[in-house]
Undergrad: 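Have a look at this one before I ask anything.
Residue numbers begin at 1 in each chain, while the letters A, B, ... track the order of the sequences.
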Number of protein chains: 2
Amino acid sequence: MAKFRLDEVDHQILDMLIENTRIPFTDIAKKLLISAGTVHVRVKKLEEAGIIKGSSLTLDYQKLGYSFIAYVGIFLEKTSQTKFVLNRIHEIPYITVAHITTGKFNIFCKVRAKNTKNAKDIIFMIDDIEGVSRTETMISLEESINDKNRLMHSIFNDL
Amino acid sequence: MAKFRLDEVDHQILDMLIENTRIPFTDIAKKLLISAGTVHVRVKKLEEAGIIKGSSLTLDYQKLGYSFIAYVGIFLEKTSQTKFVLNRIHEIPYITVAHITTGKFNIFCKVRAKNTKNAKDIIFMIDDIEGVSRTETMISLEESINDKNRLMHSIFNDL
DNA sequence: GGTGAAACTTCTAATAA
DNA sequence: TTATTAGAAGTTTCACC
């Protein structure tokens, strides 16, 4: 994989798109004092290089009736079952992200549920997967996301 | 907050936008056999209702030189320090999401770092925050995201 | 609620610098 | 690499169902 070098203009284009993917390229061009064609070419290159993998909406899950977030740590009977269990995990629609981890747990995943009853069902579902010996749940009382930390100037400027 | 009711058409519009926020409204219209004007009006309503909070790019963080993900559980000396510590946490650019949790930890956050050395620095930074008594780190060896689970048909169709 | 068409804006690719 | 340009494409509004 050839290393792709991004310059300051790329960073700024990415930052604007991170904040709003539907911002017109003409607006980006105006702010950066370059032409819209240049923005177009650069974004295309970033897509071709795979730096930009896609785009997605940020939804208000609370308003959609999902006000419950939990993290579930999973202990396996044998680590050789990891892939199998991970596949089962992803069949559960309420789980969006899972990690294979070192340390305390073997697998670690995020659950978004409607309420405590719904969450309980999901956790039981995880417990029932073949190979899972036990689970440990952490319930989120409040999620706080720092969107600024997603921007390029945070990513590329060291502390 | 008046409850906003989404119908099947809203779900399908959201699903298409979740997969690609820059898909033309005319394409959505064609697929759903409605007019582009209708798509426009519905999206606007979803935005006004706050269901759509925004949009963002999905970036390949590995290609940007960030190949390290960890979750850090934080124990506080006193729970009254929660807000203070959370604010400090969000000043660290490598942390994008933090949760106030019940159970094992008081605060729980996700760290995206360049490498193990960088991660160590970040974790030490967390340890140094006033009020933090100790931390527990789980290193992710592999992250797997199930994008399908973000779609409306997963969210609204119960198991 | 939705439509369809007009007016306006943006995108995109080719050409030129 | 970047800028310009012009035709294609998309968005947005509005009068009318």
Undergrad: With respect to the phosphate group of C:dG2, does any side-chain polar atom (N or O) of B:Arg42 fall under 4.0 Å of OP1 or OP2?
TA: yes
Undergrad: Give every residue pair that meets the salt bridge (Lys or Arg N to Asp or Glu O under 4.0 Å) criterion with at least one member in residues 125-134 of chain B, sequence neighbours excluded.
TA: B:Arg134-B:Glu136
Undergrad: Using a cut-off of 4.0 Å between protein heavy atoms and nucleotide atoms, how would you tag nucleotides 3-17 of chain C 5' to 3' with B, S and -?
TA: B------SSSS----
Undergrad: Determine, for B:Lys110 against B:Glu143, whether the closest basic-nitrogen to carboxylate-oxygen distance falls under 4.0 angstrom.
TA: yes
Undergrad: Figure out the CE/P separation between B:Met16 and D:dG10, and round it to whole Å.
TA: 15 Å
Undergrad: Using side chain to side chain contact (heavy atoms under 4.5 Å, CB included) as the criterion, point out the one residue from A:Val9, A:Ile34, A:Ile13 that pairs with A:Ile28.
TA: A:Ile13
Undergrad: Going by an N to O cut-off under 4.0 Å, is there a salt bridge joining B:Asp7 and B:Arg42?
TA: yes
Undergrad: Return the orientation label for the A:His99 and B:Tyr71 ring planes: parallel under 30°, perpendicular over 60°, tilted otherwise.
TA: perpendicular
